[in-house]
Asker: 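Starting off with a structure, shown below.
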Amino acid sequence: MTAPHSANARDIARRLLTEEFAGSDDPTAIGAAMQRVYTRVSGNLRRSVGDDGYNALISRALARVQPDHPVLSDLRRANDGGIHLDSVAETVGAHGAPAVSAALESLLATLVDVLSGLIGADMVINLVDQDSTSPRTATAGPPQ
Amino acid sequence: MTPVGVSLIRNIRSGVPGLDAVLGGGLCEYSFNLIAGAPGAGKTTLVQQIMFANATPDRPAIYFTVLGEPTIKMIRYQRQFSFFEPELVPSSVRFVNLTAEAASGDFDAVLERIAAEVAQANPGFVAIDSFRTIVSDQRSARSESVIELGRFVQRLAQQLTSWEVTSFLIGEYSESERQHPVFTVADSILWLSEDADRNSTSRKLRVVKIRGRSQMPGLHTVRITGDGLQVFPRIPEQQRERITQSGLRLATGVPGLDDLMGGGIPAGDVLLLTGPAGTGKTTFAAQFIAQGLSEGESCVVAVFEEYPEAYLARAKISDVDFAEMIAAGRLAVTYLRPLDLSVDEMLAEISDEVRRLNATRVVIDSLSGFEVALAPTYRMDFRESLYRLVGALTAIGVTVVMTAEVIDVFPDFRFTAERVSFVTDDIIVQRYVEIEGRLQKVLAVVKMRGSEHAPDFWSYELTPKGAVIGESLRGYHGITTGVPEFRGRTGVGRE
């Protein structure tokens, strides 16, 4: 099986995830931590590139990763407002933290790679990992 | 209390070469600026260049993107410019997408989001790209939108200024939309345009409006390179008064010629050297440069018809090695790439070299090449362009020698093909005549503004060491016919 992402992107994704749930063995806490990471990354990207831009990126990343990580189909909720991965905690309960963590790491790494190919790897980490505090208003679309 | 006459408004350096001069000193701090123009005119690049030049982590820039060019694509292409420093994103330059708010069709939501982002980041600069897409949507959505739009623009301007933000609204407007409320509210309006003429395009910038400043009027050439935009101000500041150096004459380096000119070229003059092909115009000009170099001066040669290497090979007519002089920083040979230049770009190039070397002599070789090097749209204004070029150069105190090729059509006696003698102080005409079955080169000093000069035709030779003036042809009649007749003594010597 060929990884759909680069080693550098994988390291970035792994760091984002492990920093959030470092030291925790509790699947519930790990699930919550992974949800926070994804929410932060998607929020940062939505803020910078817009909902449409984000949805285009995540669609591309999912298409590349999902065949190797079918668990992602349980995480994913799509509606008119775009693609949302807001069932991390529940999916951890059903499939276990390692499977969800591996899937999310692969997805984030692929997202980093896709975006790197478009705007350069040097900018991507700054965009996805910037301060997540966004003053978006209620009219700005569904929150992640 | 602020003393009378002291400006409260601080200038901000735009970071765009040439723009500050056009704006009368720079951008006004906390101003509300409209950047208008057609697609592809360089609006986004201009504003991002300003932001990257000025934004800091303490006073970052927020670049709001709205409906229009997708943000990812915009960043993808903008980062190709050298001013786009990725490490400044997002600490100093932040991209925020406003599409959701704009699409909601609610002015208040747009304003609320901008306010929230500004309150959080405390930016020094804000851009909304494209502002036009916000107001277009609102206009179509609401029948009472014109008044509401005006109110929205006014609130936005008021808020941004109150937050001590210098702001830029970017929009694709046409000249017929000048009644739009944003034009009234904006403190400055910069209009970018791109015109195509045959196989050449030219970009221009015009400051339509700027409050409290005396901007440089007219259309200014803009060029976009890998470094971003560069503006070439139409009227250089130095043009306003001419530096005169009364009494000082520069030796031409052509043996015998100074005597015909009353002692040389008056410093600060513009000399036109005109004649048909092969009469040695480039040689005369090269001798003028060599003479200056040998006297310790610095010089600039602008060549249009050949590469500098070819020019240097042809200019080996004296003991002064031009290549060595270039290496020593005493001489610049500037090749101005042909076919798509504006006079402002040429002037900037030549002026920069003159300032860099502190040059006192400039050669433009040749005017024919200069005209061809201009983009077609500027050729129509060739005489005006030349007038401005010469004015700007003499204003910084240099002495200019220009060459121009004319076609000998006997018995006509033409000074120039381009009818440019009005911009010159001095004119030397070269031509061929037939004397005793031999083609002889002759010249005459036909104009020396405010100075005595020899009225005769003089023969001259082109030797391996350059041109040398020979004898007066005073005994000949009908020289201008090309076939003079000897009726008396010749070789009377110089007067």
Side-chain angles (χ1 to χ4, degrees), chain A residues 8-9 12 16 39-63 79-84 110-144, chain B residues 48 52 57 60-81 84-123 129-130 133-134 137:
Chain A
N8 183 51
I12 291 170
L16 288 170
T39 302
R40 187 171 79 238
V41 169
S42 62
N44 284 337
L45 285 178
R46 283 182 192 278
R47 182 166 176 245
S48 296
V49 305
D51 292 339
D52 293 338
Y54 169 75
N55 287 332
L57 291 170
I58 196 71
S59 296
R60 174 75 178 127
L62 278 167
N79 61 18
D80 292 343
I83 299 166
H84 309 282
T110 306
L111 190 63
V112 166
D113 266 348
V114 171
L115 196 51
S116 295
L118 294 169
I119 64 173
D122 50 355
M123 277 186 65
V124 171
I125 187 60
N126 292 340
L127 284 185
V128 301
D129 202 21
Q130 61 185 293
D131 180 8
S132 62
T133 314
S134 169
R136 289 186 75 157
T137 60
T139 57
Q144 265 294 285
Chain B
Q48 293 205 7
F52 275 92
I62 302 181
Y63 199 95
F64 290 104
T65 55
V66 198
L67 298 165
E69 185 183 9
T71 313
I72 293 175
K73 281 184 65 186
M74 183 192 67
I75 294 174
R76 177 174 167 79
Y77 290 107
Q78 286 295 317
R79 74 160 297 168
Q80 305 302 313
F81 292 108
F84 193 109
E85 299 178 58
E87 62 273 18
L88 297 185
V89 181
S91 59
S92 297
V93 179
R94 303 175 186 182
F95 293 92
V96 175
N97 193 287
L98 277 185
T99 301
E101 287 78 4
S104 73
D106 183 352
F107 280 137
D108 291 335
V110 173
L111 203 56
E112 191 181 337
R113 176 77 190 280
I114 292 172
E117 294 284 354
V118 168
Q120 184 203 27
N122 186 32
D129 184 3
S130 149
T133 56
I134 293 179
D137 280 6

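Below, all heavy atoms of this structure are taken into account, side chains as well, without hydrogens, waters or symmetry copies. A, B, ... follow the sequence lines: proteins, then strands. Residue 1 opens every chain.
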Asker: Quick check: closest heavy atoms across B:V89 and A:M123, and the distance to 0.1 Å?
Answerer: CG1-CE, 3.7 Å
Asker: Restricting to non-hydrogen atoms, name the atom on A:G120 and the atom on B:R79 that form the minimum distance, rounded to 0.1 Å.
Answerer: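 Nearest pair, atom of A:G120 first, then B:R79: CA-NH1, 3.4 Å.
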Asker: For B:A100 versus A:D51, what's the shortest heavy-atom pair and its separation?
Answerer: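 So the minimum-distance heavy-atom pair works out to CB-OD2, 4.2 Å.
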Asker: Between CD of B:E117 and CZ of A:R47, what distance do you get to the nearest 0.5 Å?
Answerer: 4.0 Å
Asker: When you measure from the side chain of B:R76 to the backbone N and O of A:G117, does any donor-acceptor pair fall under 3.5 Å?
Answerer: yes
Asker: By the definition side-chain contact (heavy atoms from CB on, under 4.5 Å), identify the one residue from A:L118, A:L115, A:I119 that meets it with B:I75.
Answerer: A:I119
Asker: Against chain A, label B:E87 side chain, backbone, both or neither, depending on which of its atoms sit under 4.5 Å from a heavy atom there.
Answerer: backbone
Asker: Look up atom CG in A:L45 and atom CG in B:N97, then write down how far apart they are to the nearest 0.5 Å.
Answerer: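 That separation rounds to 11.5 Å.
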Asker: Name the region of B:P90, side chain, backbone, both or neither, that has any atom closer than 4.5 Å to a heavy atom of chain A.
Answerer: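 For B:P90, heavy atoms of backbone and side chain both lie under 4.5 Å from chain A.
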